[in-house]
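Down below is the structure, laid out as structure tokens.
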Amino acid sequence: MAEFSIIDTYFNRKNQDSVDLGVGDDSALLTPPPHQQLVICADTLVAGRHFPLDTNPHAIGWKSVAVNLSDIAAMGATPHSILLALSLPQIDHAWLKGFSQGLYDCCDQFGVRLIGGDTTQSPHLTLSVTALGWVDTGLAVPRSGAQIGDLICVSGTVGDAAFGLKHLGHDLQKRLDYPTPRCVLGAALKGLANSMIDVSDGLAQDLGHILKASNVGAKLQLENLPLSTALHALNDEQKWQYALAGGDDYELCFTISPQNYEKLLQKQLDDSISIIGTIQQQRGLTFEKDGVDHLLQFNGYQHFA
Ligand code: ADP
Ligand code: MG
């Protein structure tokens with residue numbers, strides 16, 4: 001079966017509203033909505049590196065889209081479409097069926113279309129997704145905008161995916177395999193949050209990117225970290241290790257002024273949001289214990305470590 005037959009069988013669904021030209025030509029065509037900026041990102045998953053070779057293909061399809069939609073959400077933007085670059089060692093129809101179903105399930109859940117890509121043969125199974133989205137011009141939320149006095153917030157619960165990876169078969173493995181990009185919350189934060197990042201490499205490391213880009217420091221209240229029941233049962237050291245250093249949660253971490261936090265609450269979104277600290281002038285990531293400030297030294301995931 002040739003490349004074109006794979007594309008036609010698995011990656012060429014026709015329902016393509018708001019796409020001028022999708023899969024089938026040399027490039028796709030979109031008309032940008034008025035007064036919007038294009039937001040674009042890419043993420044690659046390599047089999048054996050980012051997921052075990054025997055991972056359920058449906059979960060791989062879901063996750064390859066979800067991690068990109070999370071990056072779009074972390075800009076305060078709304079995702080619109082994706083492109084898929086697929087390198088396959090061989091044609092495995094059961095795998096392609098599961099993978100494409102997972103990919104489209106995630107697309108459908110978040111109103112996103114697959115508008116093109118590339119399909120090649122290679123010794124390693126590699127999936128690269130590019131996501132496109134729109135945001136009102138000037139309202140995207142960068143990492144660099146944190147202000148002294150901002151509240152530091154995080155959505156959902158943190159540490160679940162790392163716990164799920166350590167305890168395969170536990171309920172929390174779902175959080176590892178099927179992360180939920182916080183698309184509604186991300187878009188709701190445009191023009192409200194001062195800075196934002198999605199938690200992919202661990203909360204401490206990812207918040208660290210905000211602090212560095214914004215030239216500020218932070219003080220965390222560790223007891224306010226939002227944890228699932230399974231993590232609550234652990235001792236403090238273990239739970240904070242998961243919550244601060246565990247990657248792959250795809251929650252949003254953002255900083256926001258107290259006034260805008262009130263406006264956010266008025267939007268009555270479904271997502272749970274926890275205030276976990278404040279932005280301060282003094283550099284570094286600190287937390288208070290028994291009235292004394294301590295410097296946090298957790299490391300998240302580093303690709304070339
Ligand atoms: P070209 O040779 O001009 O790069 P291709 O033959 O690679 O075009 O692809 C044909 C069409 O199929 C293009 O519209 C491309 O975007 C689309 N396509 C190729 N692979 C994929 C894929 N894995 N998922 C979605 N669309 C794909
Ligand atoms: Mg090609």
Side-chain angles (χ1 to χ4, degrees), residues 1-33 36-73 75 77-134 177-181 183 198 200 248 250:
M1 191 192 234
E3 168 195 346
F4 301 112
S5 175
I6 297 177
I7 298 166
D8 267 341
T9 309
Y10 298 106
F11 303 109
N12 197 6
R13 276 212 213 150
K14 288 299 175 206
N15 54 339
Q16 298 260 297
D17 62 302
S18 82
V19 175
D20 300 329
L21 193 55
V23 171
D25 214 308
D26 290 312
S27 302
L29 278 178
L30 302 176
T31 303
Q36 306 265 304
Q37 281 174 294
L38 172 65
V39 182
I40 184 164
C41 65
D43 228 317
T44 299
L45 297 178
V46 181
R49 175 84 186 155
H50 297 103
F51 56 88
L53 288 167
D54 60 355
T55 305
N56 171 6
H58 186 275
I60 299 169
W62 175 282
K63 190 164 178 174
S64 65
V65 178
V67 299
N68 280 281
L69 301 191
S70 178
D71 279 327
I72 297 282
M75 299 304 293
T78 301
H80 177 272
S81 41
I82 59 162
L83 296 127
L84 167 69
L86 192 56
S87 299
L88 301 167
Q90 76 270 322
I91 297 169
D92 175 341
H93 288 290
W95 190 91
L96 280 163
K97 190 161 181 249
F99 172 79
S100 59
Q101 193 62 52
L103 176 134
Y104 277 117
D105 283 350
C106 190
C107 284
D108 290 347
Q109 177 138 346
F110 296 97
V112 165
R113 309 109 186 118
L114 174 63
I115 60 168
D118 197 25
T119 306
T120 55
Q121 214 235 344
S122 120
H124 301 288
L125 172 60
T126 306
L127 314 151
S128 188
V129 172
T130 301
L132 293 78
W134 309 114
D177 291 343
Y178 289 95
T180 306
C183 295
D198 68 322
S200 54
D248 261 1
Y250 300 98

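Along the sequence shown, residues carry numbers from 1. Heavy-atom basis, side chains included; hydrogens, waters and symmetry copies ignored. Order of listing sets the numbers, starting from 1, for every ligand and every atom in it.
- Residue contacts with ligand 1, taken as heavy atom pairs separated by less than 4.0 Å, involve Asp25 solely via the backbone atoms N, CA, C and O.
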Worksheet item: What's the verdict on side-chain contact (heavy atoms from CB on, under 4.5 Å) for Leu45 and Phe51, showing C-alpha distance, side-chain angles and the deciding distance?
Response: CA-CA 8 Å; Leu45 297 178; Phe51 56 88; 3.8 Å; yes

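- Atoms of ligand 1 found under 4.0 Å from any heavy atom of Asp26, numbered from 1 in the order shown, are 3 (O).
- Atoms of ligand 1 lying under 4.0 Å from at least one heavy atom of Phe4, given by number and element, are 6 (O).
- Contact between Val39 and Ala77 at its shortest, heavy atoms only, is CG2-CB, 3.7 Å.
- Taking each heavy atom of Leu30 and Ser81 in turn, the nearest pair found is CD1-OG, 3.8 Å.
- Asp198 places no side-chain N or O within 3.5 Å of a backbone atom of Ala73 that could act as its donor or acceptor partner.
- Contacts between Thr119 and ligand 1, counted as non-hydrogen atom pairs separated by less than 4.0 Å, involve both the backbone and the side chain.
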Cut-off 3.5 Å, no hydrogens considered: what does the side-chain donor-acceptor table look like for residues 103-110, sequence neighbours left out?
from, atom 1, to, atom 2, distance (Å)
Tyr104, OH, Arg13, N, 3.4
Asp105, OD1, Gln101, NE2, 3.2
Asp105, OD2, His58, NE2, 2.7
Asp108, OD2, Arg13, NH1, 3.4

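- Residue Glu3 has at least one heavy-atom neighbour below 4.0 Å for each of these atoms of ligand 1: 5 (P), 6 (O), 7 (O).
- Here Thr126 pairs with Thr44, Val46, Ser87, His124 under the side chain to side chain contact (heavy atoms under 4.5 Å, CB included) rule; sequence neighbours left out.
- The shortest N or O to N or O distance between Gly22 and ligand 1 is not under 3.5 Å.
- Interface of Gly24 with ligand 1, defined as ligand atoms under 4.0 Å from a residue heavy atom, comprises 11 (C), 13 (C), 14 (O).
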